[in-house]
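What follows is a short report on a single structure.
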There are 2 protein chains.
Amino acid sequence: MNTPAETVYETTISHIGAYENKRVELRGWLYNKRSSGKIVFVILRDGTGIAQCVASQKDVGEQLFAWLNRLNQESSLIVQGIVRKDSRAPGGYEVGLTGCTIVSEALDDYPISLKQHGVEFLLDNRHLWMRTPRQRDILMIRAEIVKACRDFLHSEGFVNVDAPILTPSACEGTTTLFSAKYFGEQAYLSQSGQLYNEAAIMSLGKVYCFGPAFRAEKSKTRRHLTEFWMVEPEAAFMRFEEMLGLEERMVCYIIESVLDNCESQLREIGRDPRQLINIKPPFPRITYTEAVEMLTQKGIAITWGEDFGAPHETEIASEYSKPVFVTHYPTKIKAFYMQPAPDNPETVLGADLLAPEGYGEIIGGGERIYDYNLLLERLKEHNLPLEEYVWYLDLRKYGAVPHSGFGMGIERVLAWICGLEHVRETIPFPRMINRLRP
Amino acid sequence: MNTPAETVYETTISHIGAYENKRVELRGWLYNKRSSGKIVFVILRDGTGIAQCVASQKDVGEQLFAWLNRLNQESSLIVQGIVRKDSRAPGGYEVGLTGCTIVSEALDDYPISLKQHGVEFLLDNRHLWMRTPRQRDILMIRAEIVKACRDFLHSEGFVNVDAPILTPSACEGTTTLFSAKYFGEQAYLSQSGQLYNEAAIMSLGKVYCFGPAFRAEKSKTRRHLTEFWMVEPEAAFMRFEEMLGLEERMVCYIIESVLDNCESQLREIGRDPRQLINIKPPFPRITYTEAVEMLTQKGIAITWGEDFGAPHETEIASEYSKPVFVTHYPTKIKAFYMQPAPDNPETVLGADLLAPEGYGEIIGGGERIYDYNLLLERLKEHNLPLEEYVWYLDLRKYGAVPHSGFGMGIERVLAWICGLEHVRETIPFPRMINRLRP
């Protein structure tokens, strides 16, 4: 059946395969162009993909042909043309241009040309840098991970609650807190919704918060942003072992979703999906004490009781091809709310999940203290202002239950899944020391 | 088939209907109890629902029976018992208790008793208040609305991007901004992700951000929180009319999701679902000018060019049983980025969506200026610091396209859907002037 040339299908590049030999209208931006005599190849991107459009002087007329030849990168266009199967074209189809409206001609000084640029320059132009295919692919994978977290937690019966950002007190100390003025009072930007989640589970059983978290990280590292997103599930009656199982299932669900829905993006950014397909339960588990022994045997100086740094984490993770749980850290180096292990109260029922390939901690979690007196003691040991924790102590006065939870940093997981060198590419507008713009 | 009494099914209250005549184990909190001689009714809540458990001295023994009779509200319990159909019980089933472990006895001074309390007292005890069935229901409906927004936008091809919270400049003026110290520099907490979305659409076509927004609202009103959550879709090439259609579809999708999945919660909080079932497209549309005429005819003093206050909005909305679009506001009272209407540039292609029943504006949106020179002019007219908008102006230099977007406040929508008097019940931990705790 022939479609009359007059019928024009408005569509997006992601869908042109459905319109073979039909006339479509696409709206997007000029990503690149190549001329060869009587033909110009217009490479169009529209947010859903990239399409090669071919214009011949014969088909589009002399005036439009000349115009296309002059057009600057990033000019916005509405093009019409016939979709043709062509195995050489990206996506397997090309569009034989029959018409084109130029919505807005880009000025000729577009800063992000198709050559290499320095990192600071790219970050200064993040609003334009994000248009490049690699950055777009990473942002698509980020969105998939966020969706996968929510879908997974919903399927497990967790209810989304939004923890507050403006808080009067610190969850884990005040040294890395951003402060804000709140009607004459001092407020802080939240580093974690955990304490609030612990209240919410007494109402809803299983909850998670998912929002921005803030850390006034003064050092420049490839793993830290000052503003990042974190998903934090917490459940009443969930014990430590159950929690590790939940973490495993969630990470595997995320990997599966990305492989199912973003394989082309992974390939385009140069990440081999085979590095991810074997990420399946169970994940290896070692205790902190075993990890210290392992490091010592490798000739790395560490004493029991010291916290791990990035090099230690990388060394431990390098032994495994899957994420590895490091459990039972010393009580003294972990947060005040961690439940002591019954068989060795110098260690806690807490675990960090370390990603392979040197990506370090992607999840931290554990069972929380639910005994009132022990929690009170810990708050005092940590010199925390008791008056700010009255409500948190209340949770141990009225119907305390064993409970656990964890926090997963989205940017760290994304960096690992995409195989990125630096977290600055993992968020639309990264915030770091000296970087608050654009 | 008889299940042997020894088989115990661990489940939640929401699922007990599947275990009729079987022995289940439930874990939760004592919500209430009633004694009548040789029987005690233990009303258990577990986050998924409320169940009536009946204990007779004969079945549970003298010691446990006495213990149950003494137990304080909010004590945490693990109960075992046989599920029996009983139309008089909440949910249609009751549990004949056979055993009970008390996890933690609540102290007898639990502040939120089952009688009435003052609002400030409830807010001071928000961490406990949220356990009451009404607050739990509202939080469940909130989670449903958040999920519906994301599901809807995903089905329409929108990609989730996270706009930054820490920003150097203000979207709509600085008078209601919270400031934060950022490594010696002044930063502000974002009021909207819109400007960042406008950059992201040039990469991804259709995007939305969904995060906390901040407004240093100094007045106490029943519609304002200082920290609230907002979903903000934005799309390249989307014109004003298309955007109104998108808003309509999204609001209706949310209503449908809540009616499908939270009807029992609506009923429990006293909201008649019939007030919502007729919220279907199309929504009525009137221009600002028509609205002014309507108000004048009703004897309400207003001059063309004045902004509407809450009483005006209530009056306009009272004419309709569905949300109503008020369009084409005067340019002078709207934000600098709003596209002038082609037939009357003294007005803008912007619309507020006003909810029925006096709930006021739930959505604000419009088409954005995409002409470089007009935007520059507007920035100057509004005395905004040009150096902070260089990147935003860039979006009009390189491939500008017509585009539109809107922002929907989750708490306002939730308040309307639930029929709440005040937004303070719409968020787990409300932030208002003088309210930063718990």
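Naming convention: chains lettered A, B, ... in sequence-line order (proteins, then strands); numbering from 1 in each chain.
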Proximity breakdown for A:Ile78 and chain B, heavy-atom pairs closer than 4.5 Å: side chain
Applying a strict 4.5 Å limit to non-hydrogen atoms, the region of A:Glu105 in contact with chain B is backbone
Non-hydrogen side-chain atoms of B:Trp29 and A:Val401 separated by less than 4.5 Å: yes
I need the minimum non-hydrogen distance between B:Pro212 and A:Trp229, along with the two atoms involved. CD-CH2, 4.5 Å
Only pairs of heavy atoms separated by less than 4.5 Å count here; which of A:Val390, A:Thr226, A:Thr132, A:Ile427 has the most with chain B? A:Thr226
Heavy-atom distance under 4.5 Å to chain B: side chain of A:Ser75, backbone, both or neither? backbone
Any idea which of B:Tyr182, B:Tyr370, B:Tyr110 has the most non-hydrogen atom pairs under 4.5 angstrom with chain A? B:Tyr182
Return the option, out of B:Ser179, B:Pro133, B:Ala143, B:Gly28, with the maximum number of heavy-atom pairs under 4.5 Å with chain A. B:Ser179
What is the distance from atom CD1 of A:Ile201 to atom CZ of B:Arg131, rounded to the nearest 0.5 Å? 9.5 Å
Value for CD (B:Glu74) from CE (A:Met202), rounded to nearest 0.5 Å, stands at 7.5 Å
Can you tell me which portion of A:Phe214 sits under 4.5 Å from chain B's heavy atoms? Options are side chain, backbone, both or neither. side chain
So which of B:Glu144, B:Lys218, B:Glu185 has the largest heavy-atom pair count under 4.5 angstrom toward chain A? B:Glu185
Partner set under salt bridge (charged side-chain N to carboxylate O under 4.0 Å, His left out) for B:Arg435, not counting sequence neighbours: B:Glu120, B:Asp124
Pair count under 4.5 Å, heavy atoms only, with chain A: among B:Asp46, B:Asn125, B:Asp151, B:Asp394, highest is B:Asp394
Any side-chain heavy atom of A:Val159 sitting closer than 4.5 Å to one from B:Leu139? no
Honestly, the part of A:Leu128 sitting under 4.5 Å from a heavy atom of chain B is side chain
Heavy-atom pair of closest approach, residues B:Ala400 and A:Ser104: O-CB, 3.1 Å
A:Leu189, A:Ile410, A:Asp109: which one forms the most heavy-atom pairs within less than 4.5 Å of chain B? A:Asp109
Under 4.5 Å from a heavy atom of chain A, the part of B:Ile102 involved: neither
Pair count under 4.5 Å, heavy atoms only, with chain A: among B:Lys181, B:Arg45, B:Arg126, B:Arg150, highest is B:Arg150
All heavy atoms of B:Phe429 vs all of A:Ala199, minimum pair found to be CZ-CB, 3.9 Å
Under the salt bridge (charged side-chain N to carboxylate O under 4.0 Å, His left out) rule, what pairs show up with a residue in residues 196-211 of chain B, not counting sequence neighbours? B:Glu198-B:Arg396
Part of A:Pro164 lying under 4.5 Å from any heavy atom of chain B: both
Does some side-chain heavy atom of B:Arg431 sit less than 4.5 Å from a side-chain heavy atom of A:Ile165? no
So which of A:Lys147, A:Gln73, A:Met140 has the biggest tally of heavy-atom pairs under 4.5 Å with chain B? A:Lys147
Option in B:Arg136, B:Glu227, B:Met130 with maximal non-hydrogen atom pairs under 4.5 Å from chain A: B:Glu227
Do B:Pro111 and A:Tyr398 come within less than 4.5 Å of each other through their side chains, counting heavy atoms only? yes
If I measure from the heavy atoms of chain A, does B:Glu388 come under 4.5 Å with its side chain, its backbone, both, or neither? side chain
With a 4.5 Å cut-off on side-chain heavy atoms, are B:Pro402 and A:Val103 touching? yes
Engaged part of A:Asp371 at the chain B interface, taking heavy atoms whose separation is under 4.5 Å: neither
What closest approach, in Å, do A:Leu166 and B:Leu436 show between heavy atoms, and which atom pair accounts for it? O-CD1, 3.7 Å
Go through the atoms of A:Arg142 and report whether side chain, backbone, both or neither lie under 4.5 Å from a heavy atom of chain B. side chain
A:Leu395 side chain reached by B:His127 side chain, heavy atoms, under 4.5 Å: yes
Using heavy-atom distances under 4.5 Å, tell me whether A:Asp162 contacts chain B through its side chain, its backbone, both, or neither. both
